[in-house]
Each structure stands twice: as C-alpha cells, then as structure tokens.
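Chain A is the first sequence line, chain B the second, and so forth, proteins listed ahead of strands; every chain is numbered from 1.
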2 protein chains.
Amino acid sequence: MNLQQFRFVRETIRRDFNLTEAARMLYTSQPGVSKAILEFEDELGIKIFERHGKRIKGLTRPGLAVSQVIDRIMLEVDNLKKVSDEYARRDEGGLTIACTHTQARYMLPKVIPAFRQRFPKVHLSLAEGSPRQLAEMVLHGQADLAIATESLALTPGLVTLPCYTWEHVVVVRPDHPLADLRSSAVKKLSLEQLAEYPIVTYDRAFSGRTAIDDAFAGQRIHPDIVLEAIDADVIKTYVDVGMGIGIIAGVAYDPRRDSGLVGLPVGRLFGTHTTRIGVKAGVFLRDYVYTFLEMAAPQLTREVVQQAIMEHGGDIAPE
Amino acid sequence: MNLQQFRFVRETIRRDFNLTEAARMLYTSQPGVSKAILEFEDELGIKIFERHGKRIKGLTRPGLAVSQVIDRIMLEVDNLKKVSDEYARRDEGGLTIACTHTQARYMLPKVIPAFRQRFPKVHLSLAEGSPRQLAEMVLHGQADLAIATESLALTPGLVTLPCYTWEHVVVVRPDHPLADLRSSAVKKLSLEQLAEYPIVTYDRAFSGRTAIDDAFAGQRIHPDIVLEAIDADVIKTYVDVGMGIGIIAGVAYDPRRDSGLVGLPVGRLFGTHTTRIGVKAGVFLRDYVYTFLEMAAPQLTREVVQQAIMEHGGDIAPE
DNA sequence: CACCGTTACGAGGTACGTAACTATG
DNA sequence: CATAGTTACGTACCTCGTAACGGTG
C-alpha cells in the first residue's frame with residue numbers, strides 16, 4: 001500500500017475511468033498505473049473498479065468506500081505540504097483564487113493591492129470560470145479559494161462563507177429615456193417599465209442572473225433579453241452602442257469610470273445577493289490565506305473560518 | 001514522501017523520541033529509520049524533531065503540526081484496510097475489546113455469547129488494564145473499543161458513549177451483623193454505620209472508587225479501607241475470609257452464584273455511575289462492531305454511534 | 001479495427017541492512 | 001564509556017518504462 005496507488009486510483013476516477021488518461025495526467029506509463037491498481041486491489045482483497053472484460057466502467061461498492069477514504073488521505077497529504085511550507089517559508093507561497101469575472105474585475109482589485117503589500121512574496125493567480133467550474137477547481141486542489149455569488153453554497157465538500165452583499169443596477173446611455181428620470185422616479189421604477197426596453201445582462205450561470213429571471217417570471221413578464229454575457233464590461237459596451245438597457249451587479253458600476261453611462265439603483269427589484277467565498281472542507285490554509293479572507297471580509301476572522309472548515313460542510317448564516 | 005516515513009515519524013514520537021526503539025517496533029534497522037526521517041524533513045524543508053547534537057529530544061513546532069496531520073493520515077490508512085475487509089470478508093475479522101476486569105467478568109458475558117453466535121467467524125480478544133491504559137490502547141489502534149466507568153470520557157481523541165448505569169452494593173458474610181438487617185433497615189443504612197467496619201473495595205483507578213471516597217469525604221468520615229483490589233472476585237474472596245465488608249459494583253454481585261455472601265443494595269449512598277464505551281474519533285468501524293455496540297446497549301444504534309464518531313469528540317448525554 | 005487494459009521483461013534506482021563513525025550525557 | 005544518531009556502502013528488490021499481447025465496442 002503506498003501513496004502512488006492512492007494517486008492512481010483517484011486520478012483514474014477523475015478521468016472517468018480511463019487509465020490511459022490518468023497515466024498521462026500523472027506523467028507516467030499506462031501499464032504502470034494498471035499494475036499498481038491491480039496490486040492494490042489484490043492487497044485489499046477487493047475489486048475497486050467494475051470491469052467489463054478489460055474495460056473499466058466504474059466503481060464497485062467497496063471501491064466507492066475506498067475512494068472516499070483515499071480522498072481524505074490525499075487531502076491530508078496535501079495539507080502536510082502546506083503545513084510545512086507554512087513554517088519553512090512563512091510569507092511565501094502561492095494563492096490561487098478561482099472566481100467569476102465580476103469578482104476578478106470589480107471586487108478583488110479592492111483587496112489584492114493591500115494583500116500584495118503585506119505579502120509581497122506570495123505568488124497570486126486568478127482563474128476564471130463558471131461557478132460550477134470554480135467549485136470543481138477548489139475541490140480538486142487546483143485553487144485555494146472560489147469566489148462567486150451563485151450555486152457555490154450547494155456544492156458538497158465545499159465550505160462557503162458569506163463575503164459581502166450587493167444589489168443590481170440598471171445602466172443606460174445618457175440619451176436613453178430612463179436616463180432623465182429624477183431620483184424619486186427611479187425609486188418607483190417597475191419591472192414592467194424596464195421590460196419595455198431590450199435588455200443586455202449576464203449569462204445564466206453568473207452574477208444573480210437567476211434572480212433577474214425569477215423577478216420577471218414572478219410577475220409573469222417576459223423581458224426581451226437581447227444579449228447575454230458573462231461580464232459587465234461586455235454588457236456595458238453593448239449598452240453603450242445602443243443595444244438596450246443593461247442590468248449588472250452594483251459593484252460593476254462606477255459613476256466616475258463609467259461616465260459614459262447612467263446608473264439607476266433599482267436593487268430592490270431584483271433582491272439582495274450574497275457573494276460567498278468557498279474553500280475545501282478540511283483543508284489546511286496558509287496563514288496568508290486567512291489574512292486574505294479577513295481583508296476581503298472583516299467578519300471572516302481566522303476563528304470563524306477555521307471552525308467552518310473543521311465542521312466540514314458547515315455554513316455560516318449570511319448575517 | 002511515503003507512508004513508511006509517516007510510520008517512522010509516528011513511531012518515533014510514540015517511543016519517546018528513541019529511534020532505536022521505533023526501529024525495533026517496526027521490525028527494521030535503525031539507520032534506515034534515521035535516513036528516512038532525515039529525507040522526509042529535507043523534502044518538507046523543515047525540522048520535525050528537536051535535536052541536541054545527535055540526540056532527538058522532542059518535536060519542533062512545525063513537527064507538532066506535521067505529526068498531527070500524519071496521525072490523521074495513518075488513521076485513514078487503517079480505515080482503508082478495515083473498509084476493504086468489510087467487503088472482502090463480510091462477517092470475518094477481529095474485535096479487540098479493552099476493558100476493566102469488572103466489564104470482562106460481569107458485563108461482557110451477557111453480550112458476547114449472542115455476538116459470537118451472530119458472528120462466529122469474528123475473532124474476539126479481551127485486553128484488560130486501567131482506564132488510562134484502555135484509552136491509550138484504543139487511541140493507538142491496539143483495541144477497537146474501550147469499556148470502563150471512570151475517566152474515559154476525559155481523554156481527547158476518544159469518543160465515549162454511555163452504555164449502562166449502575167450502583168454499588170455492599171457484600172458481607174452471612175454471620176456479619178449487617179447481614180441480618182431487614183430490608184427496611186438496609187434502606188436506612190448510613191455511611192457512618194458502614195464505616196464502623198473494615199472495608200474491602202476497589203483500587204483507586206477502578207469502578208467508581210473515587211465516588212466511594214468522595215461520598216465518605218463529603219461527610220468527613222474516614223473509613224478503614226483495609227484492602228484494595230482491582231476486581232470484585234478478589235474483594236469477595238477477602239470478605240469471605242472475614243477481612244471486612246465489601247463494596248463492589250452492583251453487576252458484580254449475583255445472589256445465586258454468590259450464595260456465600262449477602263448483598264445489601266446501598267447504591268444511593270455512593271451515587272449512580274455510567275459505564276461508557278470509547279472508540280477512537282474518526283475511525284471506520286466494521287459492521288459487526290456496530291452490531292456489538294447495539295447488543296451491549298440498545299440505544300447505541302449505528303446512526304447514533306456514527307454521528308458521534310464523525311463529530312469527533314462528540315459525546316452523548318447519559319440519558 | 002481502433003482503442004484500451006493486461007502481461008512480459010529488462011534497466012535503473014531506491015530501500016534497507018551491516019559496518020563504521022561520532023556525539024552526548 | 002555506554003548509548004543513540006548519522007554516514008558510508010553494497011546488495012536485493014522493486015519500480016517503471018518499452019514492447020508485445022488480448023479484449024471490447
């Protein structure tokens with residue numbers, strides 16, 4: 001029994017039971033993987049994989065149980081490396097943040113400069129993707145943190161922590177009829193009124209889009225969504241060229257920088273959303289990661305986060 | 001990084017930082033252990049052990065952190081073997097119960113025959129020791145369960161579950177003055193009255209002895225404890241030869257088998273005690289272990305026990 | 001027949017044991 | 001000076017890669 005066998009089993013499962021793929025991902029030969037797994041099964045006295053003749057099709061029941069234990073072992077092996085790095089190179093290391101474009105473009109710039117100053121030796125990297133992908137990246141150890149608004153909380157094995165809340169904002173061109181409303185009129189804006197114009201907003205998987213859909217559907221309104229994009233910059237660009245009105249996250253509108261557009265605070269129409277940070281349950285986080293979390297959201301103190309990670313699947317109320 | 005290195009580190013710590021001892025326990029050469037650990041420290045980039053010249057004295061701070069992670073890894077590696085055995089040999093395996101003499105002699109005989117009938121292929125073994133030793137055996141994986149009344153609950157890393165409650169009983173020879181009391185008089189027996197006679201009872205570490213001491217001390221009575229023993233059989237023997245009156249656990253007195261002695265139910269004087277079963281936090285238990293627990297105490301269902309094990313250090317109220 | 005997993009075999013490297021050496025208390 | 005840890009070194013074994021083989025869809 002050795003760590004290599006654990007790696008092979010885990011990777012084979014991740015590569016959809018394709019040994020050849022698994023071997024390639026681990027930079028080794030396919031027969032080596034095959035042999036190691038066979039020997040491992042032999043030692044345990046069980047079959048881990050369901051085989052149709054020679055094709056590996058899936059996990060057996062004991063294989064499922066074994067793979068779960070292996071996941072826990074490999075998680076701790078990863079922790080071992082992190083723990084020792086924590087002492088060997090106190091303020092050095094890497095921090096990979098998996099997030100949506102909105103976070104990378106509008107929220108992280110408020111945090112990262114200060115973090116960088118405090119930990120100049122930490123190598124930062126940002127990865128973007130859909131919330132589903134972000135969660136996957138964290139679960140597989142490819143990223144340390146996932147930051148997103150939607151669906152993160154539902155992923156098993158992921159601990160999610162409330163970071164900040166926000167509301168949507170409507171952006172229009174200065175020459176648009178809605179641009180001239182007085183602020184009292186803006187406060188009274190209804191979904192019907194918005195639906196009179198073509199709408200440019202987020203793709204289905206991002207930044208509270210489901211809340212937008214739900215809001216309209218709740219009043220049986222069928223808005224004309226002429227364009228979907230995953231980021232507010234694209235949306236603003238198309239609003240600017242006259243495609244329609246934009247609905248974007250409040251954080252994505254800056255009156256100063258977006259001086260070519262008018263923002264209408266209509267948050268109440270689409271509800272309040274909580275952006276959450278997700279970490280893998282049971283991981284060891286480097287000291288600077290805790291500091292990062294506290295910089296991003298003061299309520300996420302080391303104690304709060306550690307408890308959430310240990311309680312494994314625990315979640316903290318949005319308040 | 002490999003499992004062997006983890007084993008060496010763990011064993012070195014357990015053997016009080018004596019490499020030679022650790023090597024012997026693992027049936028390998030001492031230089032091999034030394035080299036493996038040095039390489040491991042090198043790979044992690046930290047020193048695990050505090051060295052005075054060449055003598056290993058203790059753990060460094062990173063070493064402590066690393067050793068905790070290693071403990072979790074090795075726990076899961078053990079689980080791996082158990083999980084696969086669970087499927088490979090469904091009703092076969094071993095069950096080692098670490099318990100005090102009282103449990104082995106009086107309580108387990110009520111459970112083990114039925115268990116044996118249900119799982120004839122499970123090899124049972126009983127280990128006896130002080131509660132402190134029992135806890136240690138379970139924590140080191142030398143025993144699956146610990147059963148005892150005292151102090152188990154306090155051991156960190158051990159999950160303890162309430163099994164049954166009991167009270168003490170006083171045993172005297174038939175020719176003893178107390179033997180002739182009517183049951184109404186027995187109900188009124190006081191500590192003072194008992195303290196008029198020399199007492200034979202348990203050793204300090206066993207079966208509610210502290211409760212006996214506390215009861216007397218609470219009324220500022222200094223009983224004459226003429227003999228201490230770790231088991232009721234010994235106590236009864238000395239009561240029988242006229243050394244004094246005996247105070248033993250209720251389960252240890254059987255009117256039929258102990259016909260040469262008279263039992264006086266004076267439980268209220270020394271309080272009610274809960275015998276607990278301890279398992280290591282986070283372990284995987286074979287199916288038959290869950291069955292055993294439920295046979296020993298019907299309230300300890302699989303769900304209850306599993307939850308307690310997972311909540312790691314969790315405890316269930318005696319009710 | 002193209003793809004995938006297993007078996008066979010050989011070279012390189014690693015693990016481990018013995019022996020010698022060194023430092024500590 | 002006895003005990004304990006590290007270094008040195010050689011052998012045995014094991015890992016891993018290439019090549020060949022056997023089944024599956």
Side-chain angles (χ1 to χ4, degrees), chain A residues 1-60 62-64 66-67 70 73-74 77 80, chain B residues 1-60 62-64 66-67 70 73-74 77 80:
Chain A
M1 210 192 301
N2 57 52
L3 293 179
Q4 200 69 321
Q5 291 169 323
F6 302 164
R7 288 194 195 95
F8 290 167
V9 168
R10 185 173 64 158
E11 198 62 29
T12 300
I13 295 168
R14 285 193 180 165
R15 298 300 144 201
D16 265 319
F17 309 103
N18 182 326
L19 277 199
T20 311
E21 261 309 284
R24 175 160 40 239
M25 297 313 287
L26 297 172
Y27 307 103
T28 186
S29 72
Q30 183 272 334
V33 175
S34 173
K35 189 151 182 287
I37 290 178
L38 255 10
E39 284 171 354
F40 187 39
E41 290 181 319
D42 203 44
E43 180 176 354
L44 293 182
I46 53 164
K47 288 276 167 249
I48 295 173
F49 294 110
E50 198 81 65
R51 291 173 175 79
H52 280 197
K54 286 196 169 180
R55 296 297 168 97
I56 293 178
K57 284 294 186 182
L59 285 171
T60 60
L64 176 63
V66 163
S67 82
I70 286 178
I73 293 175
M74 295 314 288
V77 169
L80 208 49
Chain B
M1 210 191 306
N2 57 52
L3 293 180
Q4 200 68 324
Q5 292 169 323
F6 302 165
R7 287 193 195 98
F8 290 166
V9 169
R10 185 173 65 157
E11 198 63 28
T12 300
I13 295 169
R14 284 192 181 168
R15 297 301 143 200
D16 264 319
F17 309 104
N18 183 326
L19 278 200
T20 311
E21 262 307 285
R24 176 160 40 239
M25 297 313 288
L26 298 172
Y27 306 102
T28 185
S29 72
Q30 183 272 334
V33 174
S34 174
K35 188 151 183 287
I37 289 178
L38 255 8
E39 284 171 355
F40 187 39
E41 290 181 320
D42 203 45
E43 178 176 355
L44 293 182
I46 54 164
K47 288 275 166 250
I48 295 172
F49 294 110
E50 198 81 65
R51 290 173 175 79
H52 280 197
K54 287 196 168 180
R55 296 299 166 97
I56 293 178
K57 284 295 186 181
L59 285 171
T60 60
L64 177 63
V66 163
S67 81
I70 286 179
I73 293 175
M74 295 314 289
V77 170
L80 207 49

Could you tell me whether the side chain of B:N2 reaches within less than 4.5 Å of the side chain of B:Q5, counting heavy atoms only? yes
To the nearest 0.5 Å, what is the distance between CD1 on B:I13 and CZ on B:R15? 12.0 Å
Distance under 4.0 Å to a non-hydrogen atom of chain A counts as contact; along DNA chain D, which nucleotides mark the start and end? D:dC16 to D:dG25
Are the charged groups of A:E11 and A:R7 less than 4.0 angstrom apart, N to O? no
Distance, rounded to the nearest Å, where B:I37 contributes CD1 and C:dA15 contributes P: 14 Å
Verify the contact: side-chain N or O of A:R55 to OP1 or OP2 of C:dT6, cut-off strictly under 4.0 Å; return yes or no. no
Along DNA chain D (nearest heavy atom to each residue), the more 5'-positioned of A:K57 and A:T28: A:T28
Only one of A:T12, A:L38, A:L19, A:T60 passes side-chain contact (heavy atoms from CB on, under 4.5 Å) with A:F49, and that residue is A:T12
In this structure, CD1 of A:I73 is separated from CZ of A:F6 (nearest 0.5 Å) by 4.5 Å
Within a strict 4.5 Å, meaning less than it, do heavy atoms of the B:K35 and B:E39 side chains meet? yes
Just to verify, what does B:F8 make a ring pair (Phe, Tyr, Trp, His ring centres under 6.0 Å) with, not counting sequence neighbours? none
If you look at every strand shown and take non-hydrogen atoms under 4.0 Å, does B:G53 touch a base, only sugar-phosphate, or nothing? sugar-phosphate
Is any side-chain heavy atom of B:V66 less than 4.5 Å from a side-chain heavy atom of B:I46? yes
Whole-Å distance separating the CD1 atom of B:I56 from the P atom of C:dA23: 16 Å
Closest approach of A:M1 to B:L3 (non-hydrogen atoms, all atoms of both residues): O-CD1, 3.4 Å
Would you jot down, in residue-number order, the residues of residues 3-23 of chain B having a non-hydrogen atom under 4.0 Å from DNA chain C? B:Q4
Separation of C:dG5 C1' from A:R24 CZ (nearest whole Å): 14 Å
Measure CD/B:E43 against C1'/C:dT14 and give the value in whole Å, please. 14 Å
Using the side-chain heavy atoms of B:S29, tell me which of these nucleotides is nearest: C:dC3, C:dA15, C:dC16. C:dC16
Measure from CD on A:E50 to P on C:dG5 and round the result to the nearest Å. 15 Å
Take the protein atom NZ of A:K35 and the nucleotide atom C1' of C:dA8, then report the distance between them rounded to whole Å. 10 Å
Return the 5'-most residue of the pair A:Q30, A:N2 with respect to DNA chain D, ranking by each residue's nearest nucleotide. A:N2
